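Please read the structure below before turning to the comments.
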Amino acid sequence: MTMTLPYHRVNVLTGTKAARIIEDASEYAHLVKRAQRPLLVLGSWSLTTTLGGKLLIEYGVEIAKTLDIPICATAHTKKKLLELGVEPASSYDIIEILNHLKDPAWKGVKKEGNHDLVMFLGFRTDLGEQGLSTLKHYAPHLKTMTLCKFYYPHASYSLSNFRKDEQWKEFLDNLITNLKSKEA
Amino acid sequence: MTMTLPYHRVNVLTGTKAARIIEDASEYAHLVKRAQRPLLVLGSWSLTTTLGGKLLIEYGVEIAKTLDIPICATAHTKKKLLELGVEPASSYDIIEILNHLKDPAWKGVKKEGNHDLVMFLGFRTDLGEQGLSTLKHYAPHLKTMTLCKFYYPHASYSLSNFRKDEQWKEFLDNLITNLKSKEA
Amino acid sequence: MAVAAKKKNLRKDTVNEIIRAEDNWEPVGHTPMPEIPDLRNWDMRLMKTYKPFYAPMCDLCCFCTYGKCDLTGDKRGACGIDISTQQARVVLLACCMGMSAHGGHARHVLHYLIEKHGRDYKINLGDQIFVEAPHIRTVLGLKPETLGDLEKAMDYVESQLIHAISSLHTGQEGSALDYESKALHISMLDHVAMEVGDIAQIVGFGYPTSVADTPLVDMGWGSIDKTKPTILLVGHNPVTAVPIVDYINEHGLQDKVEVGGICCTALEVTRYTDRAKIVGPLSRQLYFIRTGFADVIVTDEQCIRTDIAIEAAKVGTALIATTDKACYGLEDYSKRETDEIVKDMLDGKQTLIFDPDKAAEAAVRVALELAPKRKKELVTPEQVPDLAKDHRLCNMCSQVCPNLLPVGDAIEAAKNGNLQPLTEVFNKCIGCGKCEQECPRHVPIFKMMQAVAGSETWKVRAGRGPIMDVEIRKVGAPIVLGTIPGIIAIVGCSNFPEEISEVADIAEEFAKRKYIVVLTGCSAMAAGMKKDKEGKTIYEKYPPNFDAGGVLNIGSCVANSHITGAAMKVANIFATLPLRGNYEVIADYILNRVGACGLAWGAYSQKAASIATGCNRLGIPVVLGPHSAKYRRLYMSRKEEDDWTVMDGREKKLVDTQEPSPEHLITVVESKERAMVTMAKLCIRKNDTAQGRQIKLTHYIGLHKQHLGTLPDDLHLYVRKASDIPIFFKKEVMAYLEKVGWKEKPVLTLPTLIGTYPSEVPIESVVH
Amino acid sequence: MAVAAKKKNLRKDTVNEIIRAEDNWEPVGHTPMPEIPDLRNWDMRLMKTYKPFYAPMCDLCCFCTYGKCDLTGDKRGACGIDISTQQARVVLLACCMGMSAHGGHARHVLHYLIEKHGRDYKINLGDQIFVEAPHIRTVLGLKPETLGDLEKAMDYVESQLIHAISSLHTGQEGSALDYESKALHISMLDHVAMEVGDIAQIVGFGYPTSVADTPLVDMGWGSIDKTKPTILLVGHNPVTAVPIVDYINEHGLQDKVEVGGICCTALEVTRYTDRAKIVGPLSRQLYFIRTGFADVIVTDEQCIRTDIAIEAAKVGTALIATTDKACYGLEDYSKRETDEIVKDMLDGKQTLIFDPDKAAEAAVRVALELAPKRKKELVTPEQVPDLAKDHRLCNMCSQVCPNLLPVGDAIEAAKNGNLQPLTEVFNKCIGCGKCEQECPRHVPIFKMMQAVAGSETWKVRAGRGPIMDVEIRKVGAPIVLGTIPGIIAIVGCSNFPEEISEVADIAEEFAKRKYIVVLTGCSAMAAGMKKDKEGKTIYEKYPPNFDAGGVLNIGSCVANSHITGAAMKVANIFATLPLRGNYEVIADYILNRVGACGLAWGAYSQKAASIATGCNRLGIPVVLGPHSAKYRRLYMSRKEEDDWTVMDGREKKLVDTQEPSPEHLITVVESKERAMVTMAKLCIRKNDTAQGRQIKLTHYIGLHKQHLGTLPDDLHLYVRKASDIPIFFKKEVMAYLEKVGWKEKPVLTLPTLIGTYPSEVPIESVVH
């Protein structure tokens, strides 16, 4: 069978339009670099998930720093970001930022225009998948990219279900390295 | 994206359990040979579809003859089979044969016990897919196999969507050759 | 216990009051105004023989926020539900939608007519119909005398719906059989609601009644005079259509304005005036709208393209929506002055007008203004290759076609000047427009179809409503004895698997064989869309009487109640069984003795689901076309494995008849050929006399040989004694019976299921 | 035209008769007994600001046999529907299911009580409640005086349902906004149905009323004395629960039989007797059933595991089903003798008994017989590693968990003797049992949870029903002026994303801050399932009055109508606005002036959808937990982009307030921390006085700083004048305002939406 199931089965795709699975961090980095106005959205699980001894949100911060990608801090992540010395560009909750993103005329968190690539890290997979469905259906003007270790069918680009956290850590580390590199 | 869509989009899979796509006729032949009590079910499209100058039902007859596989003639295919000199083992309509197949205690068309592999050829894809859904959900005791040039998600084994009829013809010819061969 | 002692029987008192139990036109049976549990044992008995067969459309349930839940294998959802129960739940939902569509229509019509005529307006169906409302009589136990009485029937129907919908909630019913029983209940009520709707229309609008030879009306979009202002009615509810005709007549515009309809409103308006035209069935809706020949479209409810407002705007056709069911987000103009409405519509505004008289006036006035400016020409065959010039054979059009048609190949041929394949596609087209929507190169496929559609016109007999009592009196005996081989009801939508002309073929085959052929809705239209060599449709060739060989257009969707009603009237008028609150006895009678079979060859809607399921509870089998496998549930027996024991009502003993009649309650068949064979078989009943059985077997054998090449391989199951064998096939059948070791079957004087399951109905009730 | 002249206004006459329009307790407003179109303009106005936000669960539609249709991109289905309209259609379906669940319950209770007490039985809610039925007054225009009057309300509700269900049929509504308007209509009626149900129960069963300090009752499965015969009630409808208690009392068995309940029937039965126990919320249902401690389970309706009959049989618990909603395919014993029922049940038969008194007697007698033979022991922590011995870390259990819990890891730890992770999983478990079902090695996960579940018990205050008029009189001004910062309604199911104790945390946070905290249903239970250091629950720590800092259990699901009713009573009793047929004015008042906010943290059901949507039409915002994104639709504004112009009702001019209050009508938040911040903000209303606004902003700022670390970045939008700035944060806020270039906002004397959209309501109506 050639169908990929998401890790959490409540998120099984019922439809026709599924994410492209990418496992190569350099490909992800390439997509991010190519984006004009990327955005990183951080969710509540980034506060409770640890990976390689660090909080997930710290990976988020590192990713954002590489290319000065603005952060939207959802749930109560803003407080931790401030503790980490990062001022998020906005602090909408997840549904609110989605509600903005689906308007192509929205000015974006930096008032420079709506985003063309939105990266998600640290969401409950069910809420995340529902939110990505909104963007899949209503935001054809942007691409979505998930950074968690789960396959998200409603995203434009998703990782596969990583069996081990080590794979995920390696991917994120590689992504950061690639984003830092000057090459496109 | 790793999801295979059926040729006719009304048959898109919404679920978790999809067919294994097999494109190698020898693998199909192997599965058929391994079966204890295979059955070939012929549908109305086998009377109207031509392939390589022959009616589809003629391929069905050839396949059946290789291993003396009993035929269930659905719709009004029986008449043509008789013209071709073949007496089908039964002439239930499609839903009726499905209704029998889902009972593990049924005696089968030859009264030798229920079938363990049911091959389908020449069905409207929508009716076929619905029928295969019945068997997928209610007949775990048997495998289903489709022989038409379309991907059938609800089958156990399905061909992929062949772009050209030539591919399909080649597959069926190879299948017949393989079934005729003595090797398992 | 103290509590129990104090209790009155509130329900019984209430029911008796509503149905005027003291009026003794018939004794009140065991189940007046039944609630969900009251006929449950009957349902369970039916489903013991005719078990639900499920074909899930989805592996999952997504009804609540626990989901999605995977129900494959033996898995249960988070609430505990399994795949069968979930399918049955979806079936109940469909039946509720179907019943509500008719019920909402009936309420609306009734409200309008009571406003017009008053609650005490008498129900009078003419001098040939005295059993005016067999469903209301049988189900409620009420003999309705006025429009106000019809309201009581709707109150009762509505009171049942809320419980059924409630049971769909998460954490309710845990049994597929119980969901089915609820679906059977709601679908029984669908026939009550349809009956209310059609009786109200007939008496309130003065439709023809107590007459068989209703006028022949024009059908086909070619029948519309394109030089005149044209109003197109789309939907099912005549509440605005009738005032449009009235306005035209009152203003002497009969020769100046064309009124045409699509779907059932067309059937309704042609019952009101034979000057109106039937443009065609549902499958021709988008096609005709896109020609732009309508100046004004008036929508009411059901089976309307939900994007009709967008489509109308694209071609410059004005639009008025008239019901709460389909408002399209439009501004409500109901309380504005008509002059203002007309002005705004001429400025391009689409309007929502709940006041039928105002909508009628606006429609006519706007059509008169717009028509002179309308400039619409049909595409000619010569223009087709150019329209197709951007076509590349990507086949996305074919892939999205719900009818699996080779659209891409047809466009390819058309591009090269061969229009034949496109003509074939058009004849099978169900009219959804997805092909064109999907085309990456924007080939105007629907426009190209104008070149192949032809502007042929046909005649269809206007819908006649209920069968007359005198007709029942005449055919009752031959039907029950079997000498009229059956009643064939061809009903439902135009989601046909193949050419639209198949419906006419099937109808004619049975008419020729002297079955009684009754039709409704889009199928009644489709049956008229084929001519013989003399240019005649079946409506012109066969008599309009409810008698052997008759071909009858009963009317719109809601007129389906008269078909089931006719079966009930056979029990009542011929067999003198009381209808009143006597559902089990009547259904049992029909199941065992009235050889009727429905065919919904192109069923697409939830209404079709509830109509068919309502037939099933009443013991009438239904055959469906291949698309209908998507309804997810059938009721089927396994003829050789199942137990065919019934009670002999006179002898009061169980008899194993070994005869699978009728074999299924509802089944899907793949081809028209198989459909005819199956329908002939499904008209066989245990009560057939030898003579009747001979006739029925003659047709079953004849059709089987014709289409399947041999004698039926289950023929031995239907021959009880040698006297059952058709003379025409005697030799051949005898040889076959000998070969299979056939033996004579037990004799039976009065077949009934009463007595074979727990019921309060005494077996004496079935002996008339 | 002739027709129009003849017409009477049937509807108006009928309505006037039903609501006794001649009784002049209040003038009849513009929309007594509204139908679908009547409040449509109000809905459209709400949705202009609070636009539907959709999150589809599926790319497809599979409702009819044209399908499946792909609705991705800008594709339309075969019927013409697009993805938004399909989502709205599914939302309407959910709301219809939810409303029908309450409506079916209300009908059933009402029928039972009218049988018992008669139709003329007076509605008397005690000496402190005179505005007895704000929903029935406002929506219908009727002041109900008897149980018979409540029937009129249900007749009306049922009459609306059929039209809504009809509109779900294929080929009906083509506008997402219009489907939403229908959903808002049906959900408004849900509150009417809930009110009917609860008022009937209170007066018919003699529940406490006109009293705040209802008894504290025992909660937790540990509160059941396992040495006694135990009857477990599961569901929502007390019609059989009450006779069980009566039977026990009449037979002097009070000390001999335990009666416990799961879900709302537990809340109902503890209103009837404080000797009954609340076992727990929905999420503990399967857990408790599988302990086998119940001797008899009596099911009624809603939120019952659909496989409960199978689960009961597995552990040897007898089962009686009692309603038509959930029959489980069981044999109907309603008309059998009780002795026979008891005998068959002792032989292992599960039964369906619609007669409540008979079911009650059977339940008690069977429990008395079975209990002595019951041998059930809980799993001990020591046994856990052995039970887990077959476990391999395949994680299928984790993959199928609807709450995404790391079940596999917890089992792995438990296998190794560490029960802490399993304890954490249990505390977040929603009780579906899929983990165990999926386990390929059949590890008895639910059984293992017995070792970590603990047998702690808690106290919860029994449900009190409607808020008293005198309470409203006292808090009306502070609420409307803003000095009581808000009413926080914590309602709905137990599908919580995290620990069950989060509900108690949120409730306490707001109680401490002197909001009025009201709770119902499973959330009312969950709020009691946490103790402070002294071992007290919030019900023991906070006063039970509807006043600042009060914590109130209003009752079961149907008691939600009293929460919305309280908001209506503020408009009526404090602001002296007439309720009667005056829905728009009352909803407008609440939207602009009553700082109330709902929270459904663990909503799972269709009832939750209709309850919330009913709140929304009335102008009350609702916050949902993360699972609720699966409801598919929210109503949200975009604070900086949207137009916040309202009418100044006294000045009669439009004012651009630039203030997004309330910001959303219904939204989902991801974490409890964010929920609290959002709820505080959603209590802000345009009518707040400076003093009130200061108080509200104090809490908004305080919670924001506490959980998000800074001042809110939309704070400037909520400061109208310097006098709005909370003294406590003055300096910090002033600095912030300066930084963002804040300017004073326009003054407003009486904010209203009336006058900003087409309505028959004159602006004078809002000035009291």
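Bear in mind that the values here come from a model prediction, so they are computed numbers and not experimental data. Below, chains carry the letters A, B, ... as their sequence lines are ordered, and counting in each starts from 1.
C:Ser159 places a side-chain N or O within donor-acceptor distance of the main-chain N or O of C:Tyr156, the cut-off being under 3.5 Å. No side-chain donor-acceptor contact under 3.5 Å links D:Glu158 to the backbone of C:Asp155. Here the side chain of D:Ser175 pairs no donor or acceptor atom with the backbone of C:Cys327 at under 3.5 angstrom. Put simply, the side chain of D:Thr65 never gets that close to the backbone of C:Ser628: no donor and acceptor are under 3.5 Å apart. Side chain of D:Asp82 to main chain of D:Arg76: no donor-acceptor pair is present (N/O by atom type, distance under 3.5 Å, no hydrogens or angles).
Both the backbone and the side chain of D:Lys607 come within less than 4.5 Å of a heavy atom in chain C. Contact of C:Cys493 with chain D is not made at all, since no heavy-atom distance falls under 4.5 Å. For D:Phe63, the parts lying near chain C are the backbone and the side chain together; criterion is any non-hydrogen pair under 4.5 Å. The part of C:Glu438 that comes within reach of chain D is its side chain, from C-beta onward, which places non-hydrogen atoms under 4.5 angstrom from that chain. For a residue to count as touching a neighbouring chain, one of its non-hydrogen atoms must lie under 4.5 Å from one of that chain's; by this rule C:Lys182 touches chain D with the side chain only. Contact annotation for C:His111: both backbone and side-chain heavy atoms come within less than 4.5 Å of a heavy atom of chain D. In this structure, chain D has a heavy atom under 4.5 Å from the backbone of C:Ala603, while its side chain stays farther away. In this structure, chain C has heavy atoms under 4.5 Å from both the backbone and the side chain of D:Cys69. D:Gln172 touches chain C through backbone and side chain together, each having a heavy atom under 4.5 Å away. No part of D:Glu311 comes within reach of chain C, as not one of its non-hydrogen atoms sits under 4.5 angstrom from that chain. For C:Ile308, no part sits under 4.5 Å from any heavy atom of chain D, backbone or side chain. If you measure heavy-atom distances from C:Glu301 to chain D, the contacts under 4.5 Å come from both the backbone and the side chain. Neither the backbone nor the side chain of D:Leu286 comes within less than 4.5 Å of any heavy atom of chain C. Proximity to chain D (any heavy atom under 4.5 Å) is shown, for C:Ile81, by both the backbone and the side chain. Neither the backbone nor the side chain of C:Leu60 comes within contact range of chain D, judged by heavy atoms closer than 4.5 Å. Contacts between D:Lys75 and chain C at a heavy-atom distance below 4.5 Å involve backbone atoms as well as side-chain atoms. Interface remark: C:Thr14 contributes side-chain atoms only to the contact with chain D (heavy atom separation under 4.5 Å). For C:Glu760, the part sitting under 4.5 Å from any heavy atom of chain D is the side chain, from C-beta outward, and nothing else. Within the 4.5 angstrom heavy-atom criterion, only side-chain atoms of D:Lys335, from C-beta onward, approach chain C. With a 4.5 Å cut-off on non-hydrogen atoms, D:Ala309 does not touch chain C at all.
Between C:Tyr604 and C:Cys303 there is a side-chain heavy-atom pair separated by less than 4.5 Å. Counting only heavy atoms from C-beta outward, the side chains of C:Pro37 and D:Phe354 approach each other to under 4.5 Å. Contact annotation: the side chain of D:Ser605 never approaches that of D:Gln302 to less than 4.5 Å [non-hydrogen atoms, C-beta and beyond].
Of the listed residues (D:His108, D:Met97, D:Gln285), the greatest number of heavy-atom pairs within a distance under 4.5 Å of chain C belongs to D:Met97. Interface summary for chain C: among D:His163, D:Lys325, D:Arg107, the most heavy-atom pairs under 4.5 angstrom belong to D:Lys325. Considering only heavy-atom pairs separated by less than 4.5 Å from chain C, the leading option among D:Cys79, D:Cys96, D:Gly431 is D:Cys79. Ranked by heavy-atom pairs under 4.5 Å with chain C, the list D:Ala101, D:Cys62, D:Gly171, D:Ala176 is led by D:Gly171.
For D:Gln160 against D:Ile36, the heavy-atom pair with the smallest separation is OE1-N, 3.7 Å.
Look at C:Asp38 and C:Arg11 and you find a salt bridge, because one of the NZ, NE, NH1 or NH2 atoms lies within 4.0 Å of a carboxylate O, short of that distance.
With sequence neighbours excluded, the residues satisfying salt bridge (charged side-chain N to carboxylate O under 4.0 Å, His left out) with D:Arg305 are D:Asp307. With sequence neighbours left out, D:Ala321 forms a side chain to side chain contact (heavy atoms under 4.5 Å, CB included) with D:Thr299, D:Tyr328, D:Leu330, D:Leu352.
Remark: the D:Thr323 side chain and the D:Asn237 side chain contain no N/O donor-acceptor pair separated by less than 3.5 Å. For the 3.5 Å distance criterion, the side chains of C:Glu173 and C:Thr85 fail to qualify, holding no donor opposite an acceptor.
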